[in-house]
Every structure is written in C-alpha cells, then in structure tokens.
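Okay, structure first, notes after.
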There are 4 protein chains.
Amino acid sequence: MLVFAQFGAGRIGAIHAANLAANWGARLAHVVDVHEAAAASLAARHGALASDALTALRDPAVGAVIIASSTDTHANLVIAAAKAGKAIFCEKPIDLSLPRVDQALAAVRAAGVPMLVGFNRRFDPSFAELHRRIGAGVIGAVEQVIITSRDPGLPPLDYLTVSGGQFRDMTIHDFDMARWMLAAGHEDGEPTEVFAWGAALVDPAVAEAGDIDSCMVLLRTASGRMAHINNSRRAAYGYDQRVEVHGSLGRLIAGNRTPTTVEQADAWAVAAEKPMHFFLDRYAEAYRLELAAFIAAVRDGTPMPVGAEDGRQALVLAEAALRSLREGRPVKVSEIA
Amino acid sequence: MLVFAQFGAGRIGAIHAANLAANWGARLAHVVDVHEAAAASLAARHGALASDALTALRDPAVGAVIIASSTDTHANLVIAAAKAGKAIFCEKPIDLSLPRVDQALAAVRAAGVPMLVGFNRRFDPSFAELHRRIGAGVIGAVEQVIITSRDPGLPPLDYLTVSGGQFRDMTIHDFDMARWMLAAGHEDGEPTEVFAWGAALVDPAVAEAGDIDSCMVLLRTASGRMAHINNSRRAAYGYDQRVEVHGSLGRLIAGNRTPTTVEQADAWAVAAEKPMHFFLDRYAEAYRLELAAFIAAVRDGTPMPVGAEDGRQALVLAEAALRSLREGRPVKVSEIA
Amino acid sequence: MLVFAQFGAGRIGAIHAANLAANWGARLAHVVDVHEAAAASLAARHGALASDALTALRDPAVGAVIIASSTDTHANLVIAAAKAGKAIFCEKPIDLSLPRVDQALAAVRAAGVPMLVGFNRRFDPSFAELHRRIGAGVIGAVEQVIITSRDPGLPPLDYLTVSGGQFRDMTIHDFDMARWMLAAGHEDGEPTEVFAWGAALVDPAVAEAGDIDSCMVLLRTASGRMAHINNSRRAAYGYDQRVEVHGSLGRLIAGNRTPTTVEQADAWAVAAEKPMHFFLDRYAEAYRLELAAFIAAVRDGTPMPVGAEDGRQALVLAEAALRSLREGRPVKVSEIA
Amino acid sequence: MLVFAQFGAGRIGAIHAANLAANWGARLAHVVDVHEAAAASLAARHGALASDALTALRDPAVGAVIIASSTDTHANLVIAAAKAGKAIFCEKPIDLSLPRVDQALAAVRAAGVPMLVGFNRRFDPSFAELHRRIGAGVIGAVEQVIITSRDPGLPPLDYLTVSGGQFRDMTIHDFDMARWMLAAGHEDGEPTEVFAWGAALVDPAVAEAGDIDSCMVLLRTASGRMAHINNSRRAAYGYDQRVEVHGSLGRLIAGNRTPTTVEQADAWAVAAEKPMHFFLDRYAEAYRLELAAFIAAVRDGTPMPVGAEDGRQALVLAEAALRSLREGRPVKVSEIA
C-alpha cells in the first residue's frame, strides 16, 4: 500500500485523488492546497487530511507525492519531496525555466527517488497501442510522424499570460509524443533540430499578449527522420488529438475518441459524433493508467515510464521552437541544452 | 466484334448503348423502340440504325440483343430473339408471370442460345469482391446473410400499379443476391423456404393500390442457413445498398458508395457524404462490367455469369414471398416451382 | 445513502459490487452466496459482511437488494425481498418460467417496492443515445429496426442445458431492445407478433442438447412496423452488438466499440481493431450507469427505467419465438401472455 | 467540335486519348510521338493519324493540342503550339527550368491562346468538393492545410535522375494543392515563404543520385496562414493522397479512395481495402474531368481552371523548397520569382 500526499486540490487534483481512491495499491493521506477549503473538501471526500506541506512531507507513512498544484510551485515541491525521500509524480511542466528544471532534477538525482512527469497522453490506450506496435516492428523503421493536436477553445487570456506560451504550455505534450514515437524501437530517436512557425490566427489579442495560438513545427533526428506537429488553440468540432506514424512497412494512425458510436443518416449527411470535447474526458483513462503505472513502478522498483529527463527534454524542444520562431531559422537542440 | 440490336431506348437503354460504345469488342447496329424519336436519337448518337424489331432480328450481322424495353415486352422479345438465334441480354424481370417466364426459357433452351438476366448488382465491384472472398473461403461456411436494400424515394403510383408489386419489382434483386451469397462456395445454396411481412409504412396510397412499400423477408436453405432482407421504398439519406455475410470464420460487409470521400467536422457533427442517391450512379460500373461479362461469355462460349434460370429462380422466391405475405405463413419454394 | 444486500458473488456480482463501491450514494452491507468463500472474499474487499439471506433481508438498514445469483434463485429472492420491503435490482431473467415470473411480479406489486430488471444494454451510452434521438424525433417515425447480436463464442454445453435455450438466454436482450426501440416516441410500440427460425449451425452438439445457436427473428407491431434480430453464439471477430433503426426521416446506427482507435495500414489491408471481445468490457459502462440509475430512481422515487413488466414482456416474446420455432408459423403475442 | 493534336503516345497519352474519344465535344486528329509505332497504334485505335509535329500544328482543323510527351519537350511544344494559335493542354511541369517556363509563358501570352497546366488533382471529385466547400464558407477562414502525398513505390533510378528531383517532380502537385486550398475564398492566398527538410530514407541510392525520397515542407502566407506537406516515395499500403484543411469554423478532410467498400472482420482484425494503388486508377476520373474542363473552357472562352501561371508558380515553390533544403533556412518566394 503506497501512501500519498497530494499537492493541489483543483480540477486535475480531483482526478488524481479519485483515481487513487479506486486503486487498490494506494491510499491518499494528505491533501495540500493554498485554497484551504478546496483541500478540506477533497480530503474529506477521500478520507484524507487537509494538511500543510511540511506536515505532509514529514509524515513517515507517506511514500509518494502527487504534485498537481500551479506550475510555479512544481520545482520547489519536487525539491522538497526529493529531500524528504518521497517518490514523485509531477504534473507537466516541471517548470517553465530550464535552469529551475535542472535544479529540481539535480535534487531528484541526489536523493535517488523515482520521479514520473505527467505526460498523460503516453498512457492513452490508443497512443500506447500505436507505440507498442511500432516497438513490435509492424511498420518497420519509423520515418515520419505527424501529430495533430488542437484544443476546443482558447483559454482565458489571463491564463495565457502565465502559461509560458503555446510551445511550453500546449505543444510540450506533442514534443514528448514526437520524441516517444521517433524513439520507438529505434536507436536514433532524439530530435536534434527544430523549426517552428506560429501566428495568432484565432484571436489578435493573443498576439498582443505576446503569444501565438496556431503553429506548425518540424523536428528531425540526426539521420533525417522527421516529425510534424500542428496546433491550434481552437477547433470548432472539439478536441482533436491524432497521431500518425509512417514506417518502411506501413502506417499507423491513432484517431479521436467519440462519446458514442451513433451514426445518423438523414437528408443532410451521414454524421458521426464529434470527438470528445474536454481533455478530462478524452484522457480520463490515460490519467487512471498513468497513476497506476506510477504506483506499480514505485512498488516494483522498475524504471518510470516517463522519467524526469523526459520532462526536461520536452521543455528543451519547446525552448528550441521558441528560438526558431523568434529567429526565423531552424535551431539545433544542442544550442539549447 | 459482337454486333448488337437493342430493344428499348429509355433511361436504362441509354446506359447500355453508351457502355456498348466504349467496349472494343462490340458494336451497336440497331435501336428499336416504340417511341421512334427516342430510338432515332439514341441510334444517331451511336452510329446505329433506328429499326423495327423484325429488321433488327433478321439482320444476320446481329449476334446479340439487349432487351431493355418495358417489362411486358421482355418475354416475347426473348422468344423472338431465341428463335432468331441471337445471344440474349435481358433486363430483369423476364416477366412478372412465372408461366410466361417458363415459355421464354423453353424457347431459349430449344434454341440453345446463351442468355444473361440483368441482375446488375452481381457486377458491382464491392458485392462481387465480397462474393469472391466467400468463394475463397476467408469467412468459412456461410451461415447468415443480411441484405439492406432501400430506395431513395417512392416511384410514381402509376409505375407501382404495373410493377408487379414490391417483391417482383424491387426485392427480386435481393432474392438474387441472397441466392448468390448463400450459394457461394457451398453445395446447399438454394433457399427452400420463404417468410415475408410487408406493410405500406411510407404512403397509405400504396396500400390502396394493393401493394406494400416496406418489408422484411427471411429465407432459409435445407440445412438451416438463413438470409434476411429489409426493404423500403424511401430512405431520406439516399440509396441504401448493403450486404453483410456471416460465416464460421468471420464477417464480410459491402457498404454504400459515396460521391466523394470528403468529411466535414464542425460545431454540429463529423459528417460524411450521403450514399450515392441514384441507382444509375451507384451501379454505373456494375452496368458496364455486366455488359462486358456478357460480351466476353458470348465470345468465349463460356457459361453466362447470371443465367436464365437465375432470372426464373428469383421470381419463384418473389412468388413465394407474396404467398407468404398473403397467407401469413412460411412458404416452401417447392410449393411454387 | 442507500444500503445494499447483494445476492451472488460471481462474475457479474463482482461487477455490481465494484460499481456500488464507486457510487457515492450507496454502500454494500451484505454479500450472500452459497459459495461461502466467494461471498467472504467479495464482502471483505468492499467492507461488507458475508451473510446468509435471512440476515441480509432482515437488516433494517438495508434498503435495496441486488439479485445476481443463479437464474433459478431469482424468483424466490424477488419474492422474499419484496416481502421484506426492499427495492429490487434483479439480473435478467426474472425466471425462465412465465408463471413463476408472474408470481414474483405479484409479490412486487403487493409490496409496492420498486424493481429494475437488468437489461444492461439500455444503459450502453451508444444505444441510449440512439434511443434518445429517436425520442427527439430526428428520424421521424420508426419503421424498421435491425438488431445484430452475436456472441464471441459458444458457452459450455453444461451452461446451455440450464440456460433456457437461446431465446430465453441470449435473444431476450434483443427482444427488450426491439421493444425499446419500436416504442421510442411512438404509441404503437409493443410487438404483437413473432416469427422465428433457428438452427445449430455452430455446433451439432447444441442441437443434440435440444437448443439452437443461430437464429433470425422477426417482430411486428399492430400497425405493421417491423424488427429483425439476428443471433449467433459464435463470432470469430468478437462480440458483435449493433442496432440500426430506420425512420421516415433517416437512419440511426449504433455500432461496436473497440479497445483503441488504432488503424494499421500495411501491405495486406487497412485494419481497425476488432470489437471489444468480452461482454463485461463492452458493457462495463452500461453496468455502471444501470446501477446508478437504479440508485437514483430509488432515492428520488421516480419510475424505474426498466421495470418488472419489461422483464416479463421480453420473456413473453421469447416464449412466442420458441413456439414459432416449434410450430413453424408466426405466433401472436396474445397467444402467450 | 474541338479537334486535337496530341503529342505523346505513352501511358498518360493513352489516358487522354481515351478520354477524348469518350467526350462528345472533341475529336482526336493527330498523334505525334518519336516512337512511331506507339503513335501509329494509338492513332489507329482512335481513328486519328500518326503525324509529325509540323503536320499536326499546321492542320487548320486542329484547335487544340495535348502535350503529354517527355518533360524536356514541353516548353518547345508549348511555344510552337502558341505560335500556331492552338489552345494548349500541357502536362506538368511546363519545364524544370524557370527561365524556360518563362519563355514558354511569354509565347503563350503573345499568342493570346488559352493554356491549361495538368494539375489533375484539382479535378479529383473529393479534392474539388473540399475546395468548393471552403469557397462556400463552411469552415470559415482557412488557417492550416495538411497535405499527405505518398507514392506506392520508388520509381527506377533512371527516372529519378531526369525527374528534376522530388520537389519538382512529385511535391509540385502538392505545392499546387497548397496554393489552391490556401487561396480558396481568401485574398491572402499565395504562400510567401517555404521551409523544407528532406532525406533519402527509402533508399540510399537516391541520395547517391543527389535526390531525396522523403520530405516535410512548410509554407506560409503573408498573414501567417500555414500549410504542411509530407511526401514519401514509398508507402507499403498503396498510394496515399489526403488533404486536410482547418478553418475558423471547422475541418475538412478528403481521404483516400478504395477499389471496393468491402470490410472483412475475422480473428485478426476488421480490415478495409487498401487505397487504390496506382495513380492512374486513383485519378482516372480526375483526368477525365480535367480534359472536359479544358474543352469546355476553350469552347466557351472562359478562363482556364488551372492556368499557365499556376504551372509557373508551383515550380517557383519547388525552387524555393530546393534552396531551403540546400541552405538550411526558410526561403522567401520573392527570392526566386
């Protein structure tokens, strides 16, 4: 039984707490949140205590932490949890600043604690099955990856201004996906160069806030294998999340999921359902499996399926993309890292 | 080069004449139609003569006839063409009366001429491929067949009154399809028993005209293998033509064809195109391949892919269905034939 | 908080107990099973007691029972629970004998307790959405229903001999589905006549056991609206569960669900995943929503979404189908009920 | 009746000649080919003459030419046909050298003859319908275009060495498609900047021949709207030709076409057919409609649907991509043109 302290009682925190409750190998003991009422409510629902951070981290029963608080608190909490010897499940990103990420990772390494970074999409059954098949060789060597990742709607501008920008906040998931797919069953996995274009096509206010809402990114590895990412902050038809991988022997596509399989044929069209609209619906099972994988890896002492280094490397690619966007040229990853 | 006389210069006649024109092994010499202007126009377009029936049948250059005139003329033309020693391509049905069909078939047998009955759907590439795979054993022994066949809209009541009723006019295609699929790679192919329910659900005027516009039919073979047919004279979304076959090793489905592959995702739905609406579009390629198969079989002296007996047997099933509808009980095919 | 006693600690019992555990409005207090070890194990997992039936039913805290024991115990447990004044969630069928069902229903009526019969498929999100849209009028008046329902593999012959036969054991779900779809937004909902054909096409041993493994059934209402059901005890590609409804304005189809959305294109084909293979996977969400609907209806005092009469009526249709199969004629429902 | 002289009696020439034969508004009078036997055979099949170029161009009955000979002859034939006052249907590319293209276009302009450049994909019913819907506003303003274009297999190396390289030979179709889609219903249509990466991932021999076989290209317009192209010279599953367009109100996708609609479900998968393998099958209807559009535009004196400038502009984008590939930076179109 792995006992958890959880930092953050917001939307994603509620998901993790519910998944913990349903997992037979885990128990939630502490919920910590600056919004005390939120912490108290979530703690009560799951038979945990609403605690402060110190209490939670000093509790010797606690073996692991979930860090699901606001992004600016992640790095400090990672460092504190590492020093306290706890296994760490940290929502992405570790931090928006690469030096801060490196500080946190140093603390994790020093403490020798296991750490998972919350790239939940790796645990989506469709993406995971696609990855598994690549590893099994069904499409031969991976040559090109195409990732479509489009949000249903623009978040509030307030959020955008603290988000770190589209690459660090949104594309970072796709950078991780591109790395994961390019590396599947291949030694030359790591992208070494990035090229990015972006614009505020959805709302000019995004440009005024110094950000973009639409982008196309290319990545390539040393041997010339390539990935493409397209992003938009708005998709009228819902949350569009697809991965397509071309290899020497074929092609794999993981498409969108729909709420039901109902198809309606009438005088206008033959219409299927739109993709699941909300990321918490689309990735509900991914969140559940992600936490289960963390718990199993801590229990068994096996490597984390998405390690701290993966969290760092996705941020490096985001930094490279940002530099590419600003300087209008492809940027080598070695310029960043 | 097989030289043709064609009876009928209407809608389906125009299709056959154009397909003849594009076929390198054939030439159209005569067009015969009681509407002389229609015959003249179609003949002119294809460099043929507008002739009367006698002239056409007496022309020693003519090796084959296409009978695409009104249903009530089919049997007489079959008999005349058979006596003239011509190969016969006859649109379905041969006749609405079984005794008349038998007279026509006797003439064909006596003359020893080859005859194809126009069950065009057997030449649809999707249905033909489905049939081919059954024969190749990919789904093992056929156990159940489900045929969905729904017209886009009710024909004029004037037509219905001379059509012979839904079973003889519309379901007859599906009876042939059921026979063809049940027999694929199987000795016990022939349905031996029929059960049918029908109603006028689309328009009460159909009931007043003594016909039905909606039906469900079951057929079974001596060994208990089964087929289901559902028909409607109206489908708001277009012409719905699907065949599904279940065997011991799997399932084959041949679905509808669409004008394009365009899919539109918007705030309402993810919408594909409706099925091709008009039977001449849906089966354009089937008509072309049907005529080519006829020409090839005449040229090579090989058996017709859909013989005169097939035309008769589908009508027998329609008669059995009609008796079942009227008497409210399953009817053995042996009661009819 | 609704407190439950559950009868049956087998496969389906474990599902219901887990769904209870995850439901905030319910608590499992007693587990009863003739296999005491199974009861003890399931009870322990959920903090309940392994009790005998009397104890469970006499516990005044218990407000509801789940009857998920073997079929032959259902009717007695329904009667006992009704007398004890408990709300009843009973797996289908209530009993294989119509008189026994009527006894049970009389007890339920006398006691005035609410009862839900476990036609779980009504709670499948796709079938429920299809039904909802019919009710909303999107396809106009329902004219024809086609239900495809095929199990992945033949159960053990031991099971078949106590199952009541294919109609009472398997088709009964489809009878309920046909009733539900025909009645959606329509006054003339109830099937009044049944015709059935069946055979042992999968395994001759089934015939030796006096049962069938493949069937096609037709149902119709007084006004001539029709439904077709096709069943097989074996589908090489998995659990095939589809509903198609044709109305005056269009067509609705609810298709199979797949484990993932992965599509693989290679030198052989463009291959999607097979349907979910196991009914507990396919209907996992349906079981969860079914129990939630029961709990909500008990709490709110609203009518049960699938009442005791629905359980009876599906059995009536199964009886009519069985008589039709034996007597080779369509059977009026009024002959049975 | 528009009378044609056709240059080129090879594979694509045979397609155009057959399409001419089936078009009621046209007649083929001359076939010209350095392979005299090929010219004679094709001419004989269609009742035309095998002529030399001079004879064909001097024939006053000839109103139009089809240039379907080898690429290196296109420019000279365009110039000669223009001087002779003939309407010109020219296969792409006009030439591999931009100065030569400009010479040809100057001759066309000077002569005032209409000219169509053979970007056949614009006439594919699915792509054309997608374009039509964009113009009709169904997805609002176009923001991102994703073009997937992958050949079934590597052509002979002999061909590659005279092809002008992947961008000029293969991607040129996609450059035209990107321009066409970006411009649909939008003033800011023209890409102003190109970025390209390429590699020989299929066969190292391609690299030795100085070419690439796999590429990813980005294009953008002045206002930041973007397109992505991915190409490979090899797709194990056939000819992969898809276009996806994202706009402010939704998404349109035009997918692959398959030979049939047959779907096979068995113990392995639920398998659909592979895409049509050969470009002449995939685009058979496009070639037919392309020629019909040319004939109609000549007859009616309306603008060509794909003009000479379109042929030039696609080549400009190919040149820009090539420079980007060589110099490792985004290239402005204004640097080329």
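Letters go in sequence order (proteins before strands), and every chain restarts at 1.
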Practice item. Heavy-atom pairs under 4.5 Å with chain D are the metric here; pick the option from A:Gly198, A:Cys215, A:Ala141 that has the most. Key: A:Cys215
**Study point:** Under 4.5 Å from any heavy atom of chain A - which part of D:Ala227
**Key:** backbone
Review point. Considering only heavy atoms from C-beta outward, does the side chain of D:Leu317 approach that of D:Phe167 to under 4.5 Å?
Key: no
Exercise for review: Apply the test side-chain contact (heavy atoms from CB on, under 4.5 Å) to residues D:Leu98 and D:Val316: give CA-CA distance (whole Å), side-chain angles for both, the deciding distance (0.1 Å), then the verdict.
Suggested key: CA-CA 7 Å; D:Leu98 203 51; D:Val316 166; 3.9 Å; yes
Check your understanding: Under the side chain to side chain contact (heavy atoms under 4.5 Å, CB included) test, which residues partner D:Ile139, sequence neighbours left out?
Key -> D:Ile134, D:Val245, D:Leu252
**Study point:** Contacting moiety of D:Val145, where chain A heavy atoms sit under 4.5 Å
**Key:** backbone
Practice item. Any chance you could lay out the side-chain contact (heavy atoms from CB on, under 4.5 Å) test for D:Met181 and D:Val243, step after step, and finish with the verdict? Key: CA-CA 9 Å; D:Met181 293 300 172; D:Val243 173; 4.2 Å; yes
Exercise for review: Applying side chain to side chain contact (heavy atoms under 4.5 Å, CB included), name anything that partners A:Ala199, two or more places apart in sequence or on another chain.
Suggested key: A:Leu201, D:Met226
Practice item. Let me see the working for D:Phe175 and D:Val217 under side-chain contact (heavy atoms from CB on, under 4.5 Å), right down to the final yes or no. Key: CA-CA 9 Å; D:Phe175 288 127; D:Val217 180; 3.9 Å; yes
Revision key, fill the gap. Tightest non-hydrogen contact, residues D:Pro191 and D:Leu182, listed as CG-CD1, 4.0 Å
Review point. Can you check side-chain contact (heavy atoms from CB on, under 4.5 Å) on D:Leu154 and D:Val206, steps first, answer last?
Key: CA-CA 9 Å; D:Leu154 203 61; D:Val206 173; 3.9 Å; yes
**Study point:** Residue part contacting chain A, namely of D:Ile229, when any heavy atom lies under 4.5 Å
**Key:** neither
Practice item. Go through D:Gly328, D:Ala236, D:Gly250, D:Pro330 and name the one with the most non-hydrogen pairs under 4.5 angstrom from chain A. Key: D:Pro330
Practice item. Measure D:Leu218 against the heavy atoms of chain A and call it side chain, backbone, both or neither at under 4.5 Å. Key: both
Practice item. Output all residues satisfying side chain to side chain contact (heavy atoms under 4.5 Å, CB included) with D:Ala269, sequence neighbours left out; order by chain, then residue number. Key: C:Ala271
Practice item. Name the option with the most non-hydrogen atom pairs under 4.5 Å to chain D; the candidates are A:Leu249, A:Val202, A:Ile212, A:Leu219. Key: A:Leu219
Below 3.5 Å only, please: all the donor-acceptor pairs between chain D and chain A, one per line.
residue: D:Glu143; atom: OE1; partner: A:Arg234; partner atom: NH1; Å: 3.0
residue: D:Glu143; atom: OE2; partner: A:Arg234; partner atom: NH1; Å: 3.3
residue: D:Glu143; atom: OE2; partner: A:Arg234; partner atom: NH2; Å: 2.9
residue: D:Gln144; atom: OE1; partner: A:Arg150; partner atom: NH1; Å: 2.6
residue: D:Gln144; atom: OE1; partner: A:Arg150; partner atom: NH2; Å: 3.2
residue: D:Gln144; atom: NE2; partner: A:Cys215; partner atom: O; Å: 3.2
residue: D:Gln144; atom: NE2; partner: A:Asn231; partner atom: O; Å: 3.4
residue: D:Arg150; atom: NE; partner: A:His246; partner atom: ND1; Å: 3.0
residue: D:Arg150; atom: NH1; partner: A:Gln144; partner atom: OE1; Å: 2.6
residue: D:Arg150; atom: NH2; partner: A:Gln144; partner atom: OE1; Å: 3.2
residue: D:Cys215; atom: O; partner: A:Gln144; partner atom: NE2; Å: 3.2
residue: D:His228; atom: ND1; partner: A:His228; partner atom: ND1; Å: 3.2
residue: D:Asn231; atom: O; partner: A:Gln144; partner atom: NE2; Å: 3.4
residue: D:Arg234; atom: NH1; partner: A:Glu143; partner atom: OE1; Å: 3.0
residue: D:Arg234; atom: NH1; partner: A:Glu143; partner atom: OE2; Å: 3.3
residue: D:Arg234; atom: NH2; partner: A:Glu143; partner atom: OE2; Å: 2.9
residue: D:Tyr237; atom: OH; partner: A:His246; partner atom: ND1; Å: 3.3
residue: D:Asp240; atom: OD2; partner: A:Arg251; partner atom: NH1; Å: 3.0
residue: D:Arg242; atom: NH1; partner: A:Glu244; partner atom: OE1; Å: 3.1
residue: D:Arg242; atom: NH2; partner: A:Glu244; partner atom: OE2; Å: 2.6
residue: D:Glu244; atom: OE1; partner: A:Arg242; partner atom: NH1; Å: 3.1
residue: D:Glu244; atom: OE2; partner: A:Arg242; partner atom: NH2; Å: 2.6
residue: D:His246; atom: ND1; partner: A:Arg150; partner atom: NE; Å: 3.0
residue: D:His246; atom: ND1; partner: A:Tyr237; partner atom: OH; Å: 3.4
residue: D:Arg251; atom: NH1; partner: A:Asp240; partner atom: OD2; Å: 3.0

